[in-house]
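Worksheet: the structure to be examined is printed underneath.
Read the numbers this way: they start at 1 and go in the same order the structure lists the ligands and their atoms. Both backbone and side-chain heavy atoms feed into the values below; hydrogens, waters and symmetry mates do not. Here, residue 1 is the first one in the sequence, and each next residue gets the next number.
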Amino acid sequence: MLPDPPNCSFASDNAAGIHPAVLDAITSANLGHALAYGEDEWTRQVETEFNDLFDREVSVLLTLNGTGTNILALATMLQPGESVLCTDWSHINDDEAAAPERVLSTKLISTPSVDGKMSVDSIHARAEALGNIHHAQPGILSITQATEWGTTYSVDEIGELCEVAHSYGMRVHLDGARIANAVAALGLGREGLRKMVVETGIDTISFGGTKNGLMAAEAVIHLTPYPKPLGQHLRKQVNQLGSKMRFVAAQFLAALDDDHWLAWASHANAMAQQLHNGACEILGDAAGPPPAVNSMFPVLPNEAATALRNWCFFWDWNSVTSQHRWMTSWDTTQADVDRFLEGVQLVMSSVGDHN
Ligand SMILES: Cc1ncc(COP(=O)(O)O)c(C=O)c1O
C-alpha cells in the first residue's frame, strides 16, 4: 500500500551521514604524520577560527561526542559540593545514563519545564539552597539551545537566565549539541551567535558538530579565560582526548569555512518547516507547533505511528501525549519530505477508514 520509503529516515540528525565536504577535509588531513593529542597545525588553526567566530579569544577543547563534551564542560566549571540546575528534559538529566553524577560526583537538580525550557522562577526557587550546609550548592545553570523539544530560547530569554544565575554566583553552561540550528534560525549569521552566547553572558558551551554533518567532532568552548593545561588534563580524565586530533580539527575547519555550519543547519531547519507545512494539511493541529529548528512533534494514533515507523523510522517522544519526533538533517531533501508526507497521508486515511 505504501510507496518506497524516503531515502532518509526522520529519526535524528545523528542518523544522517557525514557531509561530503567534511569527508574531503578528513581525506586532505590524511597526509603523512602529525603530532598527536592536538599538537598539530589543524588544531592550532581551528583555535584561531573559533576566535574569529566568537570575535574574541576563547578557549577551545576539541572533543569526540556530545555526552563527554557535556561532562567535560561541567567538569571545568564545577566546584566541590556544587550541583547543576537543569530541566527535567535536558539531555544531561535524561539521556546521559547519570554520567554527570557518576563521573563528576555532583548532583543534578532537575526542574519541571515547559517546552524543554528553563524558567527564571526555577532558578530563584532552587537558589534557596544556597548557604544551607545540608544542601548541594547550585553552582551551574545548564540550558540547552536548541532544546530537546526543538524549541529555542530568544536572545533576551538567555540574557535574563544568565543575569539571574550570575546574580546568585552560578555559572551558565549551554548544551549546544544543536547550536548551529538555533543560530541558523535567528538568521543573523555569526552575529546571531555572538548575540546569543557572548552578549548574553553564557560562560561555557558544548559546541556541537556531529548532529550537523560532522563525524564525532564537538568542542568545549570557554568564553571567559580558562587555564588551558587544566582543561587539557580534565579532558584526558574524562576520556575525550582523541590522539588523532587533526581529523577532528579538520572537520570543524570544513564546517566553519564560509559558514557552511550555518548553511547546513539552515537547510535542516527549512526541511522541517516544509515537513510541518505538509503535515498540517494532513493532521491539522495534531501536527504540533511550527518547528523552531529541525524537529517537530506530531500527535499520532498508535496504529498510524506503528505503520509509519515500520516504513520510515522515527522515535516516539512522549508516550503520555502520543507525541513522536520527526527530525530532519543536513541531507534531508524535498523529495524525502514529499515521499514521507505521501506515506503519512496514506496511513492516516487508512486509519480513518477503520474508524
Ligand atoms: C541536546 C543534546 N545534548 C547532548 C547530546 C549527546 O550527544 P551524544 O549522543 O554524542 O553523546 C545529544 C544527543 O542526542 C543531545 O540531543
query: Any luck finding a side-chain donor-acceptor pair between D40 and T43 under 3.5 Å?
result: yes
of all protein heavy atoms, closest to atom 10 (O) of ligand 1 is G66 N, 2.9 Å
So for T210 against ligand 1, with non-hydrogen atoms under 4.0 Å, the contacting part is neither
Of E96, E218, Q145, R178, the one whose closest heavy atom lies nearest atom 16 (O) of ligand 1 is R178
Ligand 1 to E148, heavy atom cutoff 4.0 Å, flagged ligand atoms 1 (C)
Ligand 1 to A177, heavy atom cutoff 4.0 Å, flagged ligand atoms 1 (C), 2 (C), 3 (N), 4 (C), 15 (C)
In terms of the angle between their ring planes, are W261 and F207 parallel, tilted or perpendicular, with boundaries placed at 30° and 60°?
tilted
Of all protein heavy atoms, the one nearest atom 14 (O) of ligand 1 is K211 NZ, 3.1 Å
For W311 and F340, take the angle between the two ring planes, folded into 0 to 90°, and tell me which bin it lands in: parallel under 30, tilted 30 to 60, perpendicular over 60. parallel
Counting from 1 in the order shown, the ligand 1 atoms closer than 4.0 Å to a non-hydrogen atom of T67 are 6 (C), 7 (O), 8 (P), 11 (O)
Going by the 4.0 angstrom heavy-atom rule, the piece of T69 near ligand 1 is neither
Besides L230, the hydrophobic cluster formed by Ile, Leu, Val, Met, Phe, Trp and Tyr side chains linked at under 4.5 Å, directly or via other members, contains L61, I71, L72, L74, M77, L78, V84, I92, V103, L104, L108, I140, V220, Y226, L234, V238
Quick note on ligand 1: atoms under 4.0 Å from a heavy atom of N14 include exactly 14 (O)
Please work out which of the three classes, parallel, tilted or perpendicular, describes the rings of H19 and W330, given edges at 30° and 60°.
tilted
Quick note, salt bridge (Lys or Arg N to Asp or Glu O under 4.0 Å) partners involving residues 251-269, not counting sequence neighbours, are R190-D259
The atoms of ligand 1 lying under 4.0 Å from a heavy atom of T144, numbered in the order shown, are 1 (C)
Going by the 4.0 angstrom heavy-atom rule, the piece of D175 near ligand 1 is side chain
Atom 15 (C) of ligand 1: closest protein heavy atom, distance to 0.1 Å, is H91 CD2, 3.2 Å
Donor-acceptor side-chain pairing of E96 and H91 below 3.5 angstrom: yes
In terms of relative ring orientation, are W315 and F313 parallel, tilted or perpendicular, with 30° and 60° separating the classes?
perpendicular
